[in-house]
Every structure is written in structure tokens, then in C-alpha cells.
Amino acid sequence: MFDDLRDLYQEVIFDHNRNPRNFRVMDDANRQVEGFNPLCGDRLTLFLKIEDGVINDASFQGQGCAISTASVSLMTEIIKGKTEAEAETLFTQFHEMTTGKSEDIQLEAIGKLAVLAGVREYPARVKCATLAWHTLDAALKNQAQSISTE
Ligand code: ZN
């Protein structure tokens, strides 16, 4: 059990959980979506400011387990400055990485997100890691104001 946890909760995850990046309400956001993972109880609100197809700002609020918090914190850092299309590509890559559907992940492209690849060994935790990304997907498609992983 402790070995498993050591593998899963790597230093980056600890760091982002202790000091989440972009943890704030964004007053001038033009996209706002709530995400909920009932399996674990993770809740977050994602704020985006998209101008001319570019994500100029990203932030979040909410409460969840270490993995969901680290995942959304990492995500908001990584998507800032990306185009909507680039963010969608990252979503697809991240989803394939965490669900193990693709062995051919380009770790360079996915960068720091690779620390979350370990969750694929823990099916119950995959939704914690992907919640932020499903919320992002909904925000980019601009279709829903809240999503649930169930
Ligand atoms: Zn969780």
C-alpha cells in the first residue's frame, strides 16, 4: 500500500496539492464550467478567458483529493497561452495516457502531465485525474455549465 502510494503521489503531485497554481476566482472569465466526480467527491469550477481562440488565462476553485487538485493545477499552468485546438489535443493525449489506450504517448508533448500517468494503474483514481480535463473539454465546446464524470 505504501509503495503504491509512493509511486502515485510523486513530488510534483504533492507540490501542486500543497500549493495549487491559479487557485482563484476569475472575474472577467468568459467560460466557466463546474466539474464533479461523485466517485471521490472532487468538485471544481474552471474559469477560462479565451480571446481570438487563445486561452489567455485559466484558473480554478474547488475542493478535491490530492490527485484531482494536482491535475487541475497542472492543467491550468499548461493550457495558458495555448490555442483552443492545442488544448483539445492535450485533452485527447492526457485521456489516452491515463486510460492506457495508447502506448504511443509523446511524453515530450505532454510534459509535466506525465507525472499523472501512474494513475492508469489505479482505475478508481483515473476520474480524479481526468475531471479537470473533462471540465476543460466542456468549457472549450461551450455547451455545458456543469459536468459529472458519472
Ligand atoms: Zn479524487
Side-chain angles (χ1 to χ4, degrees), residues 1-26 29 31-48 50 55 57-82 84-150:
M1 184 62 183
F2 285 111
D3 284 340
D4 289 349
L5 279 175
R6 221 172 1 234
D7 287 340
L8 190 57
Y9 291 76
Q10 294 178 40
E11 190 59 36
V12 178
I13 296 178
F14 270 129
D15 177 39
H16 277 265
N17 184 47
R18 268 195 306 258
N19 303 301
R21 316 301 198 270
N22 305 304
F23 187 78
R24 60 189 155 82
V25 173
M26 195 192 302
R31 305 278 171 90
Q32 180 177 339
V33 176
E34 286 173 27
F36 179 45
N37 170 21
L39 212 64
C40 178
D42 310 313
R43 268 181 201 283
L44 62 88
T45 303
L46 180 69
F47 302 91
L48 299 179
I50 300 178
I55 301 169
D57 201 5
S59 71
F60 77 102
Q61 288 276 278
Q63 263 200 318
C65 65
I67 291 174
S68 70
T69 303
S71 180
V72 67
S73 171
L74 276 161
M75 186 188 79
T76 55
E77 270 199 322
I78 283 162
I79 61 173
K80 251 194 240 184
K82 296 267 193 295
E84 291 179 89
E86 286 167 342
E88 278 290 354
T89 302
L90 278 172
F91 164 72
T92 305
Q93 288 177 331
F94 186 77
H95 197 255
E96 286 177 356
M97 176 184 82
T98 50
T99 53
K101 281 188 188 121
S102 172
E103 294 299 321
D104 188 30
I105 296 297
Q106 295 179 333
L107 290 177
E108 274 170 49
I110 210 149
K112 272 200 263 179
L113 297 177
V115 302
L116 289 162
V119 299
R120 73 161 83 177
E121 311 296 330
Y122 307 85
R125 292 302 212 161
V126 167
K127 283 177 179 170
C128 301
T130 55
L131 173 64
W133 291 86
H134 285 292
T135 309
L136 172 68
D137 185 47
L140 291 174
K141 289 180 175 141
N142 208 10
Q143 287 170 337
Q145 293 188 317
S146 65
I147 62 117
S148 171
T149 56
E150 291 297 296

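All values reported here derive from a predicted model rather than from experimental measurement. All heavy atoms count here, side chains included; hydrogens, waters and symmetry mates do not.
Between the NZ atom in Lys82 and the CD1 atom in Ile55 there is a gap of 9.0 Å [rounded to 0.5 Å]. Residue Gln63 holds its CD atom at 11.5 Å from CG of Leu44, rounded to the nearest 0.5 Å. Separating the CZ atom in Arg125 from the CG atom in Asn37 is a distance of 9.5 Å, to the nearest 0.5 Å. Separating the CG atom in Asp57 from the CD1 atom in Ile79 is a distance of 9.5 Å, to the nearest 0.5 Å. Of the inter-residue distances, the one linking Phe36 atom CZ with Ile147 atom CD1 reads 11.0 Å to the nearest 0.5 angstrom.
Of all heavy-atom pairs between Ile13 and Ala66, the closest is CG2-O, 4.1 Å. In terms of heavy atoms, Gly35 sits closest to Leu131 at C-CD1, 3.8 Å. Of all heavy-atom pairs spanning Ala138 and Val33, the tightest one is CB-CG1, 4.1 Å.
Not counting sequence neighbours, Gln145 has no partner by the side chain to side chain contact (heavy atoms under 4.5 Å, CB included) test. Listed by chain and number, the residues in a side chain to side chain donor-acceptor pair (under 3.5 Å) with Thr130 amount to none (sequence neighbours excluded). Qualifying side chain to side chain donor-acceptor pair (under 3.5 Å) partners for Thr135, counting only residues two or more places apart in sequence or in other chains: none. Among residues two or more places apart in sequence or in another chain, the side chain to side chain donor-acceptor pair (under 3.5 Å) test is passed with Asp15 by Arg21. With sequence neighbours left out, the side chain to side chain contact (heavy atoms under 4.5 Å, CB included) criterion links Glu88 to Phe91, Asp137, Leu140, Lys141. For Lys127, the side chain to side chain donor-acceptor pair (under 3.5 Å) test picks out Glu150, with sequence neighbours left out.
At least one side-chain heavy atom of Leu136 sits less than 4.5 Å from a side-chain heavy atom of Leu48. Using a 4.5 Å heavy-atom cutoff, the side chains of Phe47 and Arg31 are not in contact. With contacts defined as side-chain heavy-atom distances shorter than 4.5 Å, the pair Thr76/Lys80 does not qualify.
Side-chain atoms of Asn17 never come within 3.5 Å of backbone atoms of Thr69 as a donor-acceptor pair (strictly under, hydrogens ignored). Of the possible donor and acceptor atoms, one in the side chain of Ser71 sits under 3.5 Å from a partner among the backbone N and O of Ala129.
Of the candidates Pro38, Cys40, Cys128, Thr149 forms a side-chain contact (heavy atoms from CB on, under 4.5 Å) with just one, namely Pro38.
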Show your reasoning for whether side chain to side chain contact (heavy atoms under 4.5 Å, CB included) applies to Gln32 and Met26. CA-CA 9 Å; Gln32 180 177 339; Met26 195 192 302; over 6 Å; no

Run the side chain to side chain contact (heavy atoms under 4.5 Å, CB included) test on Leu90 and Trp133 for me, step by step, so that the C-alpha distance in whole Å, both residues' side-chain angles and the decisive distance to 0.1 Å come before the verdict. CA-CA 9 Å; Leu90 278 172; Trp133 291 86; 3.7 Å; yes

